[in-house]
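Convention: sequence-line order gives letters A, B, ...; per-chain numbering from 1.
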Amino acid sequence: AQSVTQPDIHITVSEGASLELRCNYSYGATPYLFWYVQSPGQGLQLLLKYFSGDTLVQGIKGFEAEFKRSQSSFNLRKPSVHWSDAAEYFCAVGVIKGAGNQFYFGTGTSLTVIP
Amino acid sequence: DAGVTQSPTHLIKTRGQQVTLRCSPISGHKSVSWYQQVLGQGPQFIFQYYEKEERGRGNFPDRFSARQFPNYSSELNVNALLLGDSALYLCASSLVRQGASYGYTFGSGTRLTVV
């Protein structure tokens, strides 16, 4: 069965510090992997996605993620966090099922940025 | 260009009532999916529609139904509302049927509160 695990429910970092959010997935085939960000009361904004090829993918707002098949992981990183990065972050795996497709989301990691 | 638009933004209903949520996808997007996000959780897949046909259904009771119109807009209906139906309902659209491969664009959601 497909699943996504985000082990860290909440992370606090200082502004300017580096950030890594963890994501592990369970999926039998080649995964389509995504990171989304959600600000309070808002919908989801796509940060980046991985389909194939280079395992290090670049996204918007200075984020990047690395796909590691051997570890079934797709961790999100940012070298220097800004106060505006405070939000909820969701990792998702895209699954094709029959005639359709769907996302399986993790439970999210809430990021707090302190001055 | 307009993004995915959802209406209403907020809604309060009483247990046992019925509710209809609406979604207009990005112009040209033919696939619409619905997700339920309970507070503190990641979104969960409810339905996918493509070219007006249901392409996938998540693990939700028959009280949940949806449809897609010729202009690709969509409605989500929930009958006999329960307190547990209180959630943020997200609509997502994609250009292609296999949006889970390419990524969805999400709307800001409809916040449904059942009292």
**Most contacts with chain A, counted as non-hydrogen pairs under 4.5 angstrom, among B:G107, B:S108, B:G40, B:P43** = B:P43
**Request:** Please state whether the side chain, the backbone, both or neither of A:Q38 comes within less than 4.5 Å of a heavy atom of chain B.
**Result:** side chain
**Item:** Path from B:F60 to B:V114 over hydrophobic side-chain contacts below 4.5 Å
**Value:** yes
**Complete:** Assert top hit (heavy-atom pairs under 4.5 Å, partner chain B, pool A:T107, A:L44, A:I9) equals A:L44
**Request:** Could you tell me whether A:I114 atom CD1 has more than 12 heavy atoms of other residues or ligands within 6.0 Å of it?
**Result:** yes
**Item:** Interatomic spacing from CZ in B:R57 to CD in A:Q102 - rounded to 0.5 Å
**Value:** 12.5 Å
**Item:** Same apolar cluster (I L V M F W Y, side chains within < 4.5 Å links), B:I46/B:L81
**Value:** yes
**Request:** Indicate if A:V13 and A:L76 have the same hydrophobic cluster label, given that clusters are the connected sets of ILVMFWY residues with side-chain heavy-atom separations under 4.5 angstrom.
**Result:** yes
**Enclosure of A:R77 CZ (heavy-atom neighbours >12, cutoff 6.0 Å)** = yes
**Message:** Minimum heavy-atom separation for B:Q48 and A:G100, please, with both atom names.
**Reply:** OE1-CA, 3.1 Å
**Under 4.5 Å from a heavy atom of chain B, the part of A:Y104 involved** = neither
**Prompt:** Does CG in B:L39 sit with more than 12 non-hydrogen atoms of other residues, nucleotides or ligands closer than 6.0 Å?
**Reply:** no
**Prompt:** Are any side-chain N or O atoms of B:Y35 and backbone N or O atoms of A:F103, one a donor and one an acceptor, separated by less than 3.5 Å?
**Reply:** yes
**Message:** Are B:V78 and B:L88 linked, directly or through intermediate hydrophobic residues, by side-chain heavy-atom contacts shorter than 4.5 Å (ILVMFWY only)?
**Reply:** no
**Fill in**
Closest non-hydrogen atoms of B:Q37 and A:F90, given as atom of the first, atom of the second and distance, are NE2-CZ, 3.3 Å
**Request:** Assess the side chains of A:N101 and B:Y104: does a donor N or O sit below 3.5 Å from an acceptor N or O?
**Result:** yes
